[in-house]
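Accompanying notes for the structure given below.
Letters go in sequence order (proteins before strands), and every chain restarts at 1. None of these values were measured; they are calculated from a predicted model. Hydrogens, waters and symmetry mates are skipped; everything else that's a heavy atom, side chains included, is used.
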Protein chains: 2
Amino acid sequence: MNIYDIAKIAGVSHTTISRVINSKPGVKEETRERILKILDEYAYFPNSCAKGLASNKNKIIGILLIDVRNSHHTDTAFYIEESFAKLGYASIIAACGWDDSMQDEYLRVMASRNVEGLVLIGSRFQNDNAQKSIKKYFNDKPVVIANGYLPLDNVCGVLLEERKAVSQVVDHLVGKGHRNLAFINDNCTVSANNKQQGFLDGIQKNDLLWNEKNILDIHTRYYVSKEETEKLLREKPEITAIIYSEDILAVGGIKACYSLGLKIPEDISIIGFNDSIYSDISTPTITTIDNRTHDTGEYCSKALHSMLNGETVEPVYHLEPTFKIKESSL
Amino acid sequence: MNIYDIAKIAGVSHTTISRVINSKPGVKEETRERILKILDEYAYFPNSCAKGLASNKNKIIGILLIDVRNSHHTDTAFYIEESFAKLGYASIIAACGWDDSMQDEYLRVMASRNVEGLVLIGSRFQNDNAQKSIKKYFNDKPVVIANGYLPLDNVCGVLLEERKAVSQVVDHLVGKGHRNLAFINDNCTVSANNKQQGFLDGIQKNDLLWNEKNILDIHTRYYVSKEETEKLLREKPEITAIIYSEDILAVGGIKACYSLGLKIPEDISIIGFNDSIYSDISTPTITTIDNRTHDTGEYCSKALHSMLNGETVEPVYHLEPTFKIKESSL
DNA sequence: TTGAAAGCGATACCAA
DNA sequence: TTGGTATCGCTTTCAA
């Protein structure tokens with residue numbers, strides 16, 4: 001069933017059908033209504049390929065993730081999917097994983113699908129190779145990065161001030177009397193690095209430079225975090241507060257404290273990052289830095305939508321994470 | 001840059017270019033290599049709309065979810081996305097939410113995008129209206145349902161034997177000496193209903209019919225579960241084991257027990273469902289029923305792939321959940 | 001208010 | 001081993 005079949009049934013030309021489908025003017029109201037009825041009766045919908053080919057717009061956006069196990073990334077993705085669905089766009093969603101070499105591959109796939117715009121979720125897309133690939137495949141199409149930024153004309157990004165946020169948490173802890181802090185970071189991303197810098201800023205500002213050695217880089221798995229935290233606390237029992245770059249790592253920290261017989265928050269304070277459901281599920285609930293997933297998704301949607309409409313958008317939008325005190329800190 | 005531009009550059013006809021792009025025979029090896037070089041140099045990729053229009057295959061599948069907050073559903077979705085990406089398919093992923101009336105809408109959207117096949121994730125798609133919509137929009141295209149089934153020729157499904165699984169858990173608990181059981185269920189889906197039936201089967205088989213009253217239907221939110229569990233245990237302190245239809249609800253149960261000063265598992269056993277990360281994060285870790293997300297995803301992928309290749313697939317594939325004993329039960 | 005015809009960028013058949 | 005041409009189902013311009 002194509003537009004010509006419908007035209008034949010309605011006894012008009014396919015041009016008129018096209019006008020009705022796309023709510024364009026120039027059709028007698030009577031004719032329009034008659035055609036609408038037929039369209040409905042035959043459950044007709046236009047072939048999206050033909051439409052895309054003829055109009056050079058297929059109303060599809062691409063959403064690319066690093067790791068689907070990162071729920072605040074998938075949350076952002078689905079927030080964007082939902083808001084674009086309301087605008088009549090479909091979303092091709094894919095995950096390219098931690099292997100950076102796959103980023104080019106997936107960017108290419110997205111381009112080959114003729115998506116009108118692209119959202120990249122995660123600071124890991126902020127690297128030179130990704131920049132090259134974007135230039136190669138998306139030179140003239142809008143790209144938005146959630147928690148990242150690349151200096152290209154068609155790219156804009158949301159940047160979370162994670163460095164500042166962690167630094168402020170250090171201030172907070174020092175204000176509560178903590179002097180021996182540790183920072184446990186997940187795999188190297190720009191974001192992880194920023195958080196670590198924030199920790200360094202904080203201990204420097206507070207003259208706690210010997211804490212510099214209390215930085216661990218580990219895998220983003222809570223059982224790894226548990227093991228590493230145990231090892232750390234056995235070696236340095238003087239530590240009274242640990243900041244983790246992800247809530248899920250802080251969960252591992254909580255487990256480690258249990259197994260060492262430490263009381264939280266009396267003996268030690270545990271701080272997470274993301275304000276994810278993990279921080280609420282945990283017992284005790286975990287004091288955390290809210291990285292504002294929802295606001296990020298909202299801004300990305302708006303920005304991409306604006307760019308698709310040919311509007312200019314500020315290249316970087318800054319968001320300040322907020323500190324949420326729960327049960328795991330004193 | 002289209003196929004004609006490339007043809008001009010290469011000094012051959014676009015037909016030859018098409019042959020090279022699609023690795024078809026009938027091109028001199030020398031010519032093929034020369035063209036491949038040009039293709040790469042100009043970073044050319046074919047227009048997917050044109051390709052879809054001409055070949056009537058756009059290499060896109062649709063994946064439809066109910067609730068993106070349900071991580072074992074998103075896990076299944078991304079598992080399928082990943083395996084189809086390897087086959088050169090893109091995935092349009094969307095969430096239609098709990099409002100059943102949106103299912104028709106989204107099924108229509110998927111059809112209008114000319115997806116070659118569709119995966120529906122969640123037992124909530126197992127209803128008459130969805131069946132009608134599938135018949136209307138997907139009469140001749142393969143559809144796979146994860147955890148559901150509809151009696152249509154082009155539809156196949158994976159069915160988890162949840163009823164049996166819950167019934168067996170009741171047996172297990174009774175075997176451990178429990179006599180007063182409760183069952184806390186989430187919102188009405190076919191799946192939730194199956195689990196509840198399993199509970200009823202179990203208490204019937206074990207002559208514990210008075211437990212029938214200990215069934216609660218609540219919202220799938222852990223804090224709701226916490227409140228409801230507290231209320232239940234205050235009213236009926238004789239209960240020694242509670243089965244929840246989702247891990248996240250069991251987490252609420254754990255929290256409730258804490259606040260009532262009950263020891264887990266000494267005073268009460270808590271059982272979840274899904275073997276999700278929540279069950280491991282919780283302290284104590286939660287004994288749970290593994291609904292085999294990974295196997296489900298794997299089967300859905302294989303089944304859809306087979307159907308896309310014109311092969312016939314068994315309409316229903318049964319999977320048995322497995323019981324995983326962790327710390328929260330005795 | 002309506003319709004005829006060209007064009008979008010591929011595929012595939014048939015002829016050379 | 002190659003290329004010409006029709007075709008897929010739509011949008012859009014121009015003429016009626």
Show me the side-chain donor-acceptor pairs of residues 302-317 of chain A shorter than 3.5 Å, one per line, residues at least two apart or across chains.
| from | atom 1 | to | atom 2 | distance (Å) |
| --- | --- | --- | --- | --- |
| A/S306 | OG | A/K302 | O | 2.9 |
| A/N309 | ND2 | A/H305 | O | 3.4 |

Test side-chain hydrogen bond (donor to acceptor under 3.5 Å, both in side chains) applied to B/T15 - qualifying residues, sequence neighbours left out: none

Partner set under ring-ring contact (aromatic ring centres under 6.0 Å, His included) for B/H318, not counting sequence neighbours: none

Salt bridge (charged side-chain N to carboxylate O under 4.0 Å, His left out) partners for B/D100, two or more places apart: B/R124

Sorted by number, the residues of residues 25-34 of chain B with heavy-atom contact under 4.0 Å to DNA chain D: B/G26, B/V27, B/K28, B/T31

Relative orientation of the end axes in the helix from C/dT1-D/dA16 to C/dA16-D/dT1, expressed as an angle to the nearest 10° (five pairs per end): 40°

All side-chain hydrogen bond (donor to acceptor under 3.5 Å, both in side chains) counterparts of B/D295, not counting sequence neighbours: B/R292

Sequence neighbours left out, cut at 3.5 Å: what donor-acceptor pairs do the side chains of residues 139-150 of chain A make with other protein atoms?
| from | atom 1 | to | atom 2 | distance (Å) |
| --- | --- | --- | --- | --- |
| A/K141 | NZ | A/V115 | O | 3.1 |
| A/N147 | ND2 | A/E162 | OE2 | 3.3 |

Pairing residues for B/D104 by the salt bridge (charged side-chain N to carboxylate O under 4.0 Å, His left out) criterion, not counting sequence neighbours: none

Summary of protein contacts for nucleotides 11-16 of chain C, nucleotide by nucleotide, where a base hit scores B, a sugar-phosphate-only hit scores S (4.0 Å, heavy atoms): BBB---

Qualifying ring pair (Phe, Tyr, Trp, His ring centres under 6.0 Å) pairs with a residue from residues 80-123 of chain A, counting only residues at least two apart or across chains: A/F84-A/Y89

Pairing residues for A/T31 by the side-chain hydrogen bond (donor to acceptor under 3.5 Å, both in side chains) criterion, not counting sequence neighbours: none

